[in-house]
Peer 1: 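Below are the C-alpha cells for one structure; questions will follow.
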Number of protein chains: 2
Amino acid sequence: MNDGEEGTGRTARPKRVDARRNEENLLDAAAAVFVASGVEAPVRDIAARAGVGMGTIYRHFPTRADLIVAVYRHQVEALAEAGPALLSKSASPYAALGQWIDLFVDFLVTKHGLAAVLQSDNAGFETLHAYFLDRLLPVCTELLDAAADAGEIRSGMESYAFLRGVGNLCIGSDHDSRYDARRLVGLLVAGLARPH
Amino acid sequence: MNDGEEGTGRTARPKRVDARRNEENLLDAAAAVFVASGVEAPVRDIAARAGVGMGTIYRHFPTRADLIVAVYRHQVEALAEAGPALLSKSASPYAALGQWIDLFVDFLVTKHGLAAVLQSDNAGFETLHAYFLDRLLPVCTELLDAAADAGEIRSGMESYAFLRGVGNLCIGSDHDSRYDARRLVGLLVAGLARPH
DNA sequence: TAAGCAAACGGAACGACGCTCCGGAAAATA
DNA sequence: TATTTTCCGGAGCGTCGTTCCGTTTGCTTA
C-alpha cells in the first residue's frame, strides 16, 4: 500500500526517476482533464495532456478506475476522517450524519461524472466502487448506527443502500441547473428522521 | 404522429409490406434483447435477433433512443394516464402521488439499465429523455401541485428535479440485491411530507 | 405478364474508444 | 564504456455506434 515518496525498504529498489516523474505528470494531467471534460474523458486525452504514450498510462494505472482513485484519494480520505470528527463535535448524531452527507454530496457534485461512474456496472470500475465503499461505508454505518441508537432515525436502514442512494441522487447534478441534488438528498435525510 | 396501422390518407402511400414486417420484428427483437441483456445491449445484437441488417434498424429507428421509446411507449402512456386516475380515486393527493411514484419505480426497476440511460448525458439519448419528460412531467407536476394545495407536502418542490431524483434512485436496482430502490424512494417521498 | 422505378435492404466501412503488446530507448549498474 | 534492467511510445486489436452505397424487392403501369 505504501508506494509513497521514500523507498525506505532495503529490498525495494527505488523507481527510476522518469517513471516517478511520469506518474506525477499523469496525476496532474488527469486531474486537469477530469475538471475540464469530466471523469469519463478518453484515456488518450489524459496521455496526450501528460505528454506520454498509452503504454505509460496503463503501466502506472492498470485501469481507468485506478487512475480515478489516485486522483481523488486525498479527498476521499479526508471525507472518511471527517465522519468521526463530526460525530464527536456535533450536537446530535443525526446532525453529524446530515453534515457528513453534505460533505459527501459537495464532493460528488463538484466532480463531473464521478457519481455516474461510481454506480456504473461496467466491468473495470469495480475497483473504484470497491475503494469508495471500503473507505466510506464504515463511516456511514457508524453515523447511521449512532443516530439510530439515539432514536433519531428509523432503524433498519442499510448503510450500503443509503450511501448508494445519496450517490445516485448526485448523478447529473452538473450540466443541469434545474436539478438540485443537494435539495433531494436533504429530502432523503429528512425522510430518514423518525416520524413523531 | 399517426404512423399507425392504416394508411388512410389519400396522399400518404402505404409502406411496403417488408418494411412494416421488419419494423415489427425489430420491436419484438429489441424488447426481447432488452429483457435479456439490458437496454444498453449492442445494436448489432438486436439486428441479428430480428434477422435484419444494420441499415434496416437505423432506417426505422434513426437512433437507439427512438427504438427504446418505441419499445416502451405503451407502458409510458399507461403511466401517464394512471396519474389523473389515481388522483381522482385516492383518499388524498399525497396518497395518489405515492402510488403513482410506486408505479413509476416498478416500471424503471424492471427494465435493465433504463434508469441509467434516462439520465445519461450521452448525445443521442436526448430524444429518450425528452419523451419521458414530455409524457410524465405534467403528470408529476399535477400530483405534486395537488398535494401541495392540500397542504400535505412542503411547497416549492420542482417536479422536474423530483422526477429525476426518483429516476436516479432506480439506477442499478437490478443486479444488486443489497440496493433497494423502492425503499429509498419511499424515504424520499416521506421526506417530502410536511413536517408536523 | 413484363418492364421500370422508387423503396427498402444488408453489411462493409469509418471513427472513437479501452486496452494490449513489443521493439526500442533510457536509466541504473558494473 | 558495456551490460542489464526498467520503462517508454504508439501501432494495433476488438468492440461499439453510426453511415454509406451497391443490390434486391415489392409495387405500379403499360
Side-chain angles (χ1 to χ4, degrees), chain A residues 3 7 9-27 29-30 33-34 37-69 113 116-117 120-128, chain B residues 3 7 10-27 29-30 33-34 37-70 113 116-117 120-128:
Chain A
D3 45 23
R10 190 160 305 172
T11 55
R13 42 218 164 293
K15 286 170 110 170
R16 262 169 54 170
V17 306
D18 54 347
R20 177 160 293 282
R21 182 168 36 87
N22 275 328
E23 186 167 329
E24 199 133 311
N25 286 2
L26 236 15
L27 278 175
V33 170
F34 288 169
S37 317
V39 173
E40 312 203 72
V43 181
R44 280 171 173 83
D45 289 0
I46 299 167
R49 172 106 183 197
V52 305
M54 296 295 302
T56 302
I57 201 169
Y58 276 98
R59 191 167 327 98
H60 286 288
F61 306 98
T63 174
R64 287 174 60 78
D66 296 306
L67 181 55
I68 298 175
V69 167
V117 124
S120 162
D121 54 346
N122 281 348
F125 285 122
E126 289 113 13
T127 307
L128 183 65
Chain B
D3 45 22
R10 189 160 305 171
T11 55
R13 43 222 164 290
K15 286 169 114 171
R16 264 168 51 171
V17 303
D18 54 346
R20 177 161 294 281
R21 182 168 37 88
N22 275 329
E23 186 167 328
E24 199 133 310
N25 287 105
L26 237 15
L27 278 175
V33 170
F34 288 169
S37 318
V39 173
E40 313 203 72
V43 182
R44 279 171 175 82
D45 289 0
I46 300 167
R49 172 106 184 197
V52 304
M54 296 298 300
T56 301
I57 201 169
Y58 275 99
R59 192 168 327 97
H60 285 287
F61 306 98
T63 174
R64 286 174 60 78
D66 295 307
L67 181 55
I68 298 173
V69 167
V117 124
S120 162
D121 54 346
N122 281 348
F125 286 121
E126 289 111 14
T127 307
L128 182 66

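In what follows, chains carry the letters A, B, and so on, assigned in the order in which the sequence lines appear, proteins first and then strands, with residues in each chain numbered from 1.
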Peer 1: Quick check for you: to the nearest 0.5 Å, what is the distance between A:Thr127 atom OG1 and A:Leu67 atom CG?
Peer 2: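 Atom-to-atom, A:Thr127:OG1 and A:Leu67:CG are 12.0 Å apart.
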Peer 1: Only counting residues at least two apart or in another chain, list the ones meeting side chain to side chain contact (heavy atoms under 4.5 Å, CB included) with B:Ala116.
Peer 2: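 Side chain to side chain contact (heavy atoms under 4.5 Å, CB included) check on B:Ala116 returns B:Ile171.
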Peer 1: Which letter, B, S or -, goes with each nucleotide of nucleotides 25-30 of chain D from 5' to 3', with contact meaning a protein heavy atom under 4.0 Å?
Peer 2: BSS---
Peer 1: Could you write nucleotides 9-19 of chain D as a row of B, S and -, 5' to 3', where a protein heavy atom under 4.0 Å of any base atom gives B, of only sugar-phosphate atoms gives S, and otherwise -?
Peer 2: BBBB---BBBB
Peer 1: Supply the atom-to-atom distance A:Ile57 CD1 to A:Asp45 CG, rounded to the nearest 0.5 angstrom.
Peer 2: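 Those atoms lie 9.5 Å apart.
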Peer 1: Using salt bridge (charged side-chain N to carboxylate O under 4.0 Å, His left out) as the criterion, list what pairs up with B:Arg44, not counting sequence neighbours.
Peer 2: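 B:Arg44 satisfies salt bridge (charged side-chain N to carboxylate O under 4.0 Å, His left out) with no other residue.
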Peer 1: Report the residues that fulfil side-chain hydrogen bond (donor to acceptor under 3.5 Å, both in side chains) with B:Arg21, sequence neighbours left out, ordered by chain and then residue number.
Peer 2: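 Checked B:Arg21 against side-chain hydrogen bond (donor to acceptor under 3.5 Å, both in side chains); zero matches.
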Peer 1: Looking at B:His60, does any N or O in its side chain come under 4.0 Å of the phosphate oxygens OP1/OP2 on C:dC9?
Peer 2: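 Looking at the OP1 and OP2 atoms of C:dC9, one of them is under 4.0 Å from a side-chain N or O of B:His60.
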Peer 1: Before you tell me yes or no, could you show the steps for B:Phe61 and B:Ile68 under side chain to side chain contact (heavy atoms under 4.5 Å, CB included), namely the whole-Å CA-CA distance, both residues' side-chain angles and the distance that decides it to 0.1 Å?
Peer 2: CA-CA 9 Å; B:Phe61 306 98; B:Ile68 298 173; over 6 Å; no
Peer 1: In whole angstroms, how far is the C1' atom of D:dC7 from the CG atom of A:Asn25?
Peer 2: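 Whole-Å distance recorded here is 15 Å.
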Peer 1: Is there side-chain contact between A:Asn25 and A:Val52, with at least one heavy-atom pair below 4.5 Å?
Peer 2: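 Result no, sub-4.5 Å side-chain heavy-atom pair not found.
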Peer 1: Nearest whole angstrom, please: distance from the C1' of D:dT6 to the CZ of A:Arg20.
Peer 2: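 Distance, rounded to whole Å: 14 Å.
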Peer 1: Do any pairs count as a side-chain hydrogen bond (donor to acceptor under 3.5 Å, both in side chains) and have a residue in residues 51-67 of chain A, sequence neighbours left out, and if so which ones?
Peer 2: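 As it turns out, the side-chain hydrogen bond (donor to acceptor under 3.5 Å, both in side chains) pairs with a partner in residues 51-67 of chain A, which skip direct neighbours, are A:Glu23-A:His60.
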